[in-house]
Asks: 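Quick one: structure below, then a few questions.
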Amino acid sequence: MVAVLAASYLVGKNAAGVDIFRAPRAWFFITILTVGYLGSRGLAKLGSNYRSEEERTARH
């Protein structure tokens, strides 16, 4: 996230004087990164409650 914001700040303007990496585009990329991170965490936790047959019988 910090890298996207830094890139947005440092890129600056092109030869015509137009800002080529404006704030709305940077926030769009940050949103995509956040959704991707949340999705990956959800997938990582999806199988965390799985126990093998040996673990289930050992507790009882």
Side-chain angles (χ1 to χ4, degrees):
M1 213 165 47
V2 173
V4 172
L5 290 174
S8 176
Y9 178 74
L10 294 175
V11 167
K13 299 179 181 182
N14 63 6
V18 178
D19 191 4
I20 56 177
F21 190 32
R22 298 183 343 188
R25 180 175 281 182
W27 286 110
F28 175 72
F29 287 133
I30 289 171
T31 302
I32 290 175
L33 288 170
T34 302
V35 168
Y37 175 76
L38 292 175
S40 70
R41 294 304 304 150
L43 289 174
K45 290 186 178 238
L46 186 64
S48 64
N49 288 333
Y50 175 76
R51 292 190 203 132
S52 67
E53 182 65 32
E54 297 168 5
E55 290 174 337
R56 281 185 267 166
T57 56
R59 291 185 173 210
H60 293 105

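In this text, all values refer to a predicted model and were calculated from it rather than measured experimentally. Residues: numbered from 1 along the sequence shown. Note that these values count all heavy atoms, side chains included, but never hydrogens, waters or copies made by symmetry.
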Asks: Atom CZ of R22 and atom CZ of F28: how far apart are they, to the nearest 0.5 Å?
Replies: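 Between R22 CZ and F28 CZ, I get 14.5 Å after rounding to 0.5 Å.
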Asks: Is Y37 reachable from L33 through a run of I, L, V, M, F, W or Y residues, each pair having side-chain heavy atoms under 4.5 Å apart?
Replies: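 Different hydrophobic clusters.
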Asks: Grouping I, L, V, M, F, W and Y whenever their side-chain heavy atoms are under 4.5 Å apart, do L5 and V11 come out in a common cluster?
Replies: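 Hydrophobic grouping puts L5 with V11.
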Asks: Backbone N or O of F21 within a donor-acceptor pair of the S8 side chain at under 3.5 Å?
Replies: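 Between the backbone of F21 and the side chain of S8 there is a qualifying donor-acceptor contact (under 3.5 Å).
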Asks: Show the numbers, then the answer: is there a side chain to side chain contact (heavy atoms under 4.5 Å, CB included) between V4 and W27?
Replies: CA-CA 8 Å; V4 172; W27 286 110; over 6 Å; no
Asks: Taking atom CG of L43 and atom CG of L38, what is their separation to the nearest 0.5 Å?
Replies: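 Here the interatomic distance stands at 11.0 Å.
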Asks: Would you compute the distance between atom CD1 of I30 and atom CZ of R25 and round it to the nearest 0.5 angstrom?
Replies: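 Output value for this atom pair is 13.5 Å.
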